[in-house]
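What follows is a set of notes on a single structure, which appears directly below.
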Amino acid sequence: MKFSLAMIATAVAFLPVIEAHLAMLNPGVYRHGDPVFPLAVDGSDFPCTVTDFSNSDGEGPTLNPGQGADIKLAGTAVHSGGSCQISITYDQPPNKNSVWKVMKSFQGACPIEANGNLPVPPSGPTSNILPPLAYTVPAGLPAGKATIAW
C-alpha cells in the first residue's frame with residue numbers, strides 16, 4: 001500500500017489529539033488530574049505526567065526482594081494485546097535521569113488478549129478495570145521505597 005504525502009500530512013495533523021486510553025490505578029502514586037493524559041511531546045514530564053509532586057498520592061510502595069505484587073490497569077485501548085514490561089526505580093520522585101530495572105516482561109497478551117480494543121463503557125474508558133498484571137521483585141534488588149512503571 002502506498003501513502004500519499006497528503007495522507008501522511010493528515011495523519012500527522014491528528015497526532016496531537018491522540019490520547020493514551022489505559023491508566024495504571026495501582027500502584028498509582030504520581031497521578032495527573034486526567035489519568036490517561038499523554039506525556040508531553042518534548043519529554044519534559046517523563047517518566048510521569050505529574051509536575052507537582054505535592055499533589056501526588058504520597059510515597060511509592062515499600063518493596064522487598066521476593067515480594068509479589070500486582071499492577072492494576074483500567075481502560076479500553078488494549079490494541080489486541082501486545083508486549084510490555086514492568087520496571088522499577090528507587091528514585092523518589094522519578095525523573096528523566098532515573099535508572100529503571102526491568103522486573104518482568106510479558107510477550108503478547110499484555111494487558112490482555114483481545115480482538116482490537118474494548119468497547120468504552122458508558123461511565124468512560126477508565127471505569128473498565130482490567131485483570132491485574134502480577135510480578136515479583138527479583139532477588140538482588142534492594143528493599144525500600146520504589147516507583148513502578150508499566
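Nothing here was measured: the structure is a model prediction, and the numbers come from that model. Counting from 1, the numbers follow the sequence of the chain as shown. Because only heavy atoms are used, hydrogens play no part in the values below, and waters and symmetry mates are left out as well, while side chains stay in.
- Residues I71 and A149 approach most closely at CD1-O, 4.4 Å, considering heavy atoms.
- Considering only residues two or more places apart in sequence or on other chains, A143 meets the side chain to side chain contact (heavy atoms under 4.5 Å, CB included) condition with N64, P65.
- In the displayed structure, Q67 atom CD is contacted under 6.0 Å by more than 12 heavy atoms of other residues, nucleotides or ligands.
- No continuous path of hydrophobic side-chain contacts links V78 to V120 [ILVMFWY only; heavy atoms under 4.5 Å].
- Between H79 atom NE2 and I112 atom CD1 the span is 11.5 Å, to the nearest 0.5 Å.
- Note that the OG atom of S87 and the CE atom of M103 stand 7.0 Å from one another [nearest 0.5 Å].
- Between C84 and W150, the closest heavy-atom pair is SG-NE1, 3.4 Å.
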Using distance only, find each side-chain donor-acceptor pair of residues 128-140 under 3.5 Å and give its atom names and separation, not counting sequence neighbours.
residue, atom, partner, partner atom, Å
N128, ND2, G75, O, 2.8

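- For the atom pair NZ of K101 and CD1 of I88, the computed distance is 11.0 Å after rounding to the nearest 0.5 Å.
- Applying the side chain to side chain contact (heavy atoms under 4.5 Å, CB included) rule to S80 yields no partners; only residues at least two apart in sequence or on another chain are considered.
- Heavy-atom minimum distance, I148 versus W100: C-CZ3, 4.3 Å.
- Between the side chains of Q85 and S105, at least one donor N or O lies within less than 3.5 Å of an accepting N or O.
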